[in-house]
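Taking it in order: structure first as structure tokens, then the write-up.
Remember, it's a predicted structure, so these values are computed and weren't measured experimentally. Atom set for the values below is all heavy atoms of this structure, side chains included, hydrogens, waters and symmetry mates excluded. We count ligands from 1, going down the list as the structure has it; atoms in each ligand are counted the same way.
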Amino acid sequence: MNTARAHQPAENLLALHLNVHAPDISCVLPAFNEEENIEVIIPLLAQQLQLANRSFEIIVVDDGSTDRTIERATKLQADHPVVILRLSRNFGKENAITAGLEQAKGRAVIILDADLQHPLHLLQRYIELWDEGYEMVYGVRHRRSDQSWFLRNSSRLFYRLLSKATSVPIPRGAGDFRLLDRKVVNALNNLPERSRFMKGLYSWVGFKSHPVPFESERRGTGKSNFNFRGLFALAVTGITSFSNLPLRVWTGIGALISSLAILYALFIVGRTLIFGSSVPGWATLTVSILFLGGVQILSIGILGEYIGRIFEEVKGRPNYIVAEVLRPESTDA
Ligand code: UDP
Ligand code: MG
């Protein structure tokens, strides 16, 4: 065994070494302008993981913050195993999570928001369920107090639409607050698509999963980065990357309109044969031209949405660019 090792190239030995030292758990924290929250959450998180008696690393993915998030996180490296992944600009939460998952080395990965909205004490329960053999443990938020009535209801409508339109069930309220076993992380890392709707992808990969209900806490400081426009864009990504229904609907509507038009034509022919021709009918004409024009433009728009996404995929640009990785000085990993 020893002699066999001696013949291995240095890189392999390093890989072996890294593997041996892989922590039990990697925590991925996407952070965009969270300077105050990051200082609070990291010590609390470390405390929870020590309580669970697991070795861990904390990966802060700095998603192009313009405040002092990086400086504050760097300071914490003296006391905690914090790895900072600085993305070259703001790539959005989904891509920040993707970056974190690819960087994580742990046998399990826990994803949580950096803004203290995800209750940390639940991590004990997550880890327990993981020990029981669940490959994915996900939080299901049953109420959100920090969103307006309008946002809450549009998100409810979105999930209802999505569950009708897709074949993978995407539970409402289930978000990014999750524990993923290494197997799940590898599966997610191997998905090649650029347009990342994480909530859909978690369901798509499958695995033995267990929900844990939770109440969303108030944000530490700062305010949510997702307004109606942001959520709407995410919703369009969600629908178009998980369903072809919007494309298919137009086949049905087109067929219906054409059949009605044929019936109407027959009716006109019959009427002309019996009563002779008459001039009136401009109203019917105008209405039908406008209506069909609208339907056509709308369906072209939907085609465009999919073609835009095909274009994104074909360009093959990376989902994110890492500007630098800051590791704590004391470790060699
Ligand atoms: N976030 C990010 N990049 C972004 C927007 C948000 O990494 O472009 C992070 C943010 O720092 C936080 C998490 O994603 O840790 C959730 O964001 P936020 O609190 O703004 O959203 P909400 O809680 O309203 O869903
Ligand atoms: Mg938040």
Side-chain angles (χ1 to χ4, degrees), residues 26-42 44-45 58-73 76 82-104 109-120 122-123 138-156 158-159 170-178 195-202 214-235 237-238 319-323:
S26 302
C27 291
V28 170
L29 299 171
F32 177 55
N33 294 341
E34 305 280 7
E35 55 179 3
E36 271 150 43
N37 298 324
I38 207 84
E39 274 184 331
V40 181
I41 197 169
I42 288 180
L44 289 176
L45 190 56
I58 297 173
I59 300 174
V60 175
V61 186
D62 175 74
D63 190 14
S65 297
T66 49
D67 65 356
R68 301 171 46 81
T69 303
I70 294 191
E71 283 92 325
R72 304 263 171 114
L76 290 160
V82 176
V83 178
I84 304 162
L85 217 59
R86 180 166 71 84
L87 303 189
S88 59
R89 64 171 169 84
N90 180 259
F91 281 92
K93 185 184 177 189
E94 314 285 309
N95 292 321
I97 291 176
T98 305
L101 287 180
E102 283 173 12
Q103 172 70 30
V109 176
I110 293 174
I111 305 170
L112 70 173
D113 284 2
D115 60 3
L116 297 158
Q117 284 194 296
H118 294 156
L120 295 174
L122 279 182
L123 296 185
Y138 60 99
V140 180
R141 188 183 52 208
H142 44 91
R143 198 158 49 84
R144 250 196 107 146
S145 42
D146 66 330
Q147 272 186 336
S148 67
W149 177 91
F150 178 67
L151 264 190
R152 258 204 320 273
N153 280 285
S154 16
S155 105
R156 178 173 308 162
F158 166 68
Y159 280 101
I170 299 173
R172 188 159 76 86
D176 295 310
F177 181 32
R178 283 164 193 262
S195 85
R196 297 228 147 210
F197 180 64
M198 292 307 293
K199 289 181 189 60
L201 297 178
Y202 298 128
F214 77 96
E215 293 258 344
S216 191
E217 314 262 339
R218 291 218 163 273
R219 217 172 192 289
T221 60
K223 60 177 176 50
S224 170
N225 295 293
F226 290 91
N227 50 17
F228 182 73
R229 231 178 84 208
L231 288 176
F232 187 75
L234 192 65
T237 309
N319 287 315
Y320 58 87
I321 296 170
V322 177

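The atom name of the N/O/S atom in Asp115 closest to the Mg ion (ligand 2) is OD2.
Interface atoms of ligand 1 facing Ser224, defined by a heavy-atom separation under 4.0 Å, are 20 (O), 21 (O), 22 (P), 24 (O). With ligand atoms numbered from 1 in the order given, ligand 1 contributes 7 (O), 11 (O) to contacts under 4.0 Å with heavy atoms of Ala31. Taking a cut-off of under 4.0 Å to the non-hydrogen atoms of Ala114, the atoms of ligand 1 that pass are 15 (O). Atoms of ligand 1 lying under 4.0 Å from any heavy atom of Asp113, numbered from 1 in the order shown and given with element: 13 (C), 15 (O), 16 (C), 23 (O). Heavy-atom proximity to Glu34, at under 4.0 Å, picks out these atoms of ligand 1: 10 (C), 11 (O), 12 (C), 15 (O). Heavy-atom contacts of Gln117 reach the following atoms of ligand 1: 19 (O), 23 (O) (cutoff under 4.0 Å).
Side-chain contact between Leu101 and Met198: present, with at least one pair of heavy atoms (C-beta onward) separated by less than 4.5 Å. Looking at heavy atoms from C-beta onward, Arg141 lies out of side-chain contact with His118 at the 4.5 angstrom threshold. Considering only heavy atoms from C-beta on, Leu87 stays 4.5 Å or farther from Asn95 through its side chain. Residues Thr66 and Asn90 fail the side-chain proximity criterion, which asks for heavy atoms closer than 4.5 Å.
When non-hydrogen atoms are compared, ligand 1 lies under 4.0 Å from the side chain of Asp63 (C-beta onward) but not from its backbone. At a heavy-atom cutoff of 4.0 Å, ligand 1 is contacted by the side chain of Asn90 but not by its backbone. Under 4.0 angstrom from ligand 1, the non-hydrogen atoms of Lys93 come from both its backbone and its side chain.
No N or O atom of Ala96 sits closer than 3.5 Å to an N or O atom of ligand 1.
In summary, Asp113 and Lys93 engage in a salt bridge, as defined by a charged side-chain N under 4.0 Å from a carboxylate O.
A centroid separation of less than 6.0 Å is found between the aromatic rings of Phe177 and Phe214.
Here the CZ atom belonging to Arg72 is positioned 4.5 Å from the CD atom belonging to Glu39, to the nearest 0.5 angstrom.
For a distance bound of 2.8 Å, the N, O or S atoms of Gln117 include one lying that close to the Mg ion (ligand 2).
By the 6.0 Å and 45° rule, Arg89 stacks over the aromatic ring of Phe91.
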